[in-house]
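Here's the structure we're looking at; comments come further down.
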Amino acid sequence: MRFLTAVSLLSVALLATGCTQFFEREIELDELPFARSLVLQTILFPQDSFVRADVYVTAPAVGDPPADYPRGGLVTEARVTLNGPTGSFPLTFRALGGFNCYVLPVEGFTLEAGATYEVVAEWDGLTARGRTTIPELAIARDSIVLEDVSNDQERRVRPLWPNGPGEDDYYMLFRDQVYETQPDDVQRDIYDFIHGRDVLGPTLTGESFAGTSANGYELTINVCQITQATYDYLLTLEAIRNNNDNPFAEPTTVANNLEEGRGLVGASSCRRIVY
């Protein structure tokens, strides 16, 4: 017992002095490796009237960003191009639906289900490039049911639709609010994403959401089939947000399907329901 006590006291003494020396050490932040890269985020919707894309540049995980780092990392002067079977089309940076992003009106061409598209962003010697194939739409419009789950505080609805066969049954739910006098001013919120193979039973049930909107707005519910890359990106992005400031959470890496750079070039086919 005396031996164990002596060893324990010696360990505590060594630990105490070791900790003191450890906390007195300086971490050289400049020695940490960092190579900036371009981040491209876009999901192509054949049913949309616009193609939207976000472009950012990465910053060091620790320390201060470079002096020329754009505000919030948002790149506003990139060259962004959509390349498809019918040609190449440039995107222009502007405000849309309360957000600043790169926009391409779908005029003179269409995004076709089953076709493959490439989106490229170039800025300051950096490139972000990715490809995606738009999935075929297999959800029948009359198979989607909006279940009323209202409570005393607000009116709420919950979409239900058939759980199809196969492994590639990835889905996303989002809603659009469009101001009647400004049809280009679309406020979009993604509120659920599901992999059908993770659900037992013949029916998929999405998260409920408020089924009313402000006066002058049209509310549209979108039940969409998406690519696996889109699902993986949204899933890992949600994990990052949930783990924010949690010292016990495991590090999470956001999924990346780009050939160059980081981010997502995803695709979706949707059934729209005006509510």
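The chain is numbered in sequence order, starting from 1. What's counted below: heavy atoms across the whole structure, side chains too, no hydrogens, waters or symmetry copies.
- Taking every heavy atom of both residues into account, Asn83 and Ser88 meet most closely at OD1-OG, 2.7 Å.
- One hydrophobic cluster, built from ILVMFWY side chains closer than 4.5 Å, holds both Trp123 and Leu258.
- When every heavy atom of Tyr69 is checked against every heavy atom of Thr58, the shortest pair comes out as CE1-O, 3.5 Å.
- A distance of 10.0 Å separates CG of Asp148 from CZ of Arg158, quoted to the nearest 0.5 Å.
- Hydrophobic clustering places Leu74 together with Val80 (ILVMFWY residues linked when any side-chain heavy atoms are closer than 4.5 Å, directly or through intermediates).
- Looking at every heavy atom in both residues, Ser268 comes nearest to Ile43 through CB-CG2, 4.1 Å.
- Listed for the Ser150 side chain is a donor-acceptor partner under 3.5 Å among the backbone atoms of Arg156.
- Hydrophobic clustering of Ile, Leu, Val, Met, Phe, Trp and Tyr side chains at less than 4.5 Å, counting indirect connections, keeps Val223 apart from Leu234.
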List the atom pairs, donor and acceptor, that lie under 3.5 Å between side-chain atoms in residues 131-144 and the rest of the protein, sequence neighbours left out.
residue	atom	partner	partner atom	Å
Arg131	NE	Glu259	OE2	3.3
Thr133	OG1	Thr116	OG1	2.7
Ser143	OG	Ala140	O	2.6

What verdict does the side-chain contact (heavy atoms from CB on, under 4.5 Å) test give for Asp232 and Phe193, after you've listed the backbone C-alpha separation in whole Å, the side-chain angles of each residue and the deciding distance to 0.1 Å?
CA-CA 10 Å; Asp232 292 341; Phe193 41 91; over 6 Å; no
When the side chains of residues 101-111 are checked against the rest of the protein, which donor-acceptor pairs come out under 3.5 Å, sequence neighbours left out?
residue	atom	partner	partner atom	Å
Tyr102	OH	Val75	O	2.8
Tyr102	OH	Thr76	O	3.3
Tyr102	OH	Glu77	N	3.2
Tyr102	OH	Ala78	N	2.9
Thr110	OG1	Glu112	OE2	2.7

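- Considering only heavy atoms from C-beta on, Trp161 comes within 4.5 Å of Ile194 through its side chain.
- To the nearest 0.5 Å, atoms CD1 (Ile190) and CE (Met172) are separated by 5.0 Å.
- Contact between Gly196 and Leu204 at its shortest, heavy atoms only, is CA-CD2, 4.0 Å.
- Residues satisfying the side-chain contact (heavy atoms from CB on, under 4.5 Å) criterion with Asp48, sequence neighbours excluded, are Phe45, Arg52, Arg188, Arg272.
- Here the closest heavy-atom approach between residue Ala121 and residue Leu38 is recorded as O-CD2, 3.5 Å.
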Set out, in order, the CA-CA distance, both residues' side-chain angles and the distance that settles side-chain contact (heavy atoms from CB on, under 4.5 Å) for Val157 and Arg175, then state yes or no.
CA-CA 12 Å; Val157 294; Arg175 61 180 177 182; over 6 Å; no
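- In this structure a side-chain-to-backbone donor-acceptor pair under 3.5 Å is present from Asn163 to Val199.
- When atom types are taken as modelled, the side chain of Ser269 and the backbone of Gln225 share no donor-acceptor pair closer than 3.5 angstrom.
- Linking Ile, Leu, Val, Met, Phe, Trp and Tyr whenever their side-chain heavy atoms come within less than 4.5 Å leaves Ile240 and Val39 in two separate clusters.
- Ring geometry for Tyr231 versus Tyr170: interplanar angle of 30 to 60°, hence tilted.
- Side-chain contact check for Leu82 versus Val119: some heavy-atom pair is nearer than 4.5 Å.
- Taking CZ from Phe89 and OH from Tyr117, the interatomic distance works out to 8.5 Å, rounded to the nearest 0.5 Å.
- Interatomic distance, Leu44 CG to Ile226 CD1, rounded to the nearest 0.5 Å: 13.0 Å.
- Shown here are the side-chain contact (heavy atoms from CB on, under 4.5 Å) partners of Arg79, two or more places apart in sequence or in another chain: Thr81, Glu122.
- Nearest heavy-atom pair across Asn257 and Ala229 is ND2-CB, 3.7 Å.
- Considering only residues two or more places apart in sequence or on other chains, Glu260 meets the salt bridge (charged side-chain N to carboxylate O under 4.0 Å, His left out) condition with Arg129.
- Without hydrogens or angle criteria, Asn100 side chain to Phe93 main chain gives no donor-acceptor distance under 3.5 Å.
- Between atom OG1 of residue Thr42 and atom CG of residue Leu264 there is a gap of 8.0 Å, rounded to the nearest 0.5 Å.
- In this structure, Ile221 is not a member of the same hydrophobic cluster as Val149, with clusters built from ILVMFWY side-chain heavy atoms closer than 4.5 Å.
- Side chains of Thr227 and Tyr233 form no contact here, defined as non-hydrogen atoms less than 4.5 Å apart.
- The stretch residues 192-207 participates, sequence neighbours left out, in these salt bridge (Lys or Arg N to Asp or Glu O under 4.0 Å) pairs: Asp169-Arg197.
- Here Arg271 contributes atom CZ and Asn222 contributes atom CG; the two are 12.0 Å apart, rounded to the nearest 0.5 Å.
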Are Thr220 and Val274 close enough, and set up right, to give a side-chain contact (heavy atoms from CB on, under 4.5 Å), and what steps lead you there?
CA-CA 4 Å; Thr220 304; Val274 178; 4.2 Å; yes
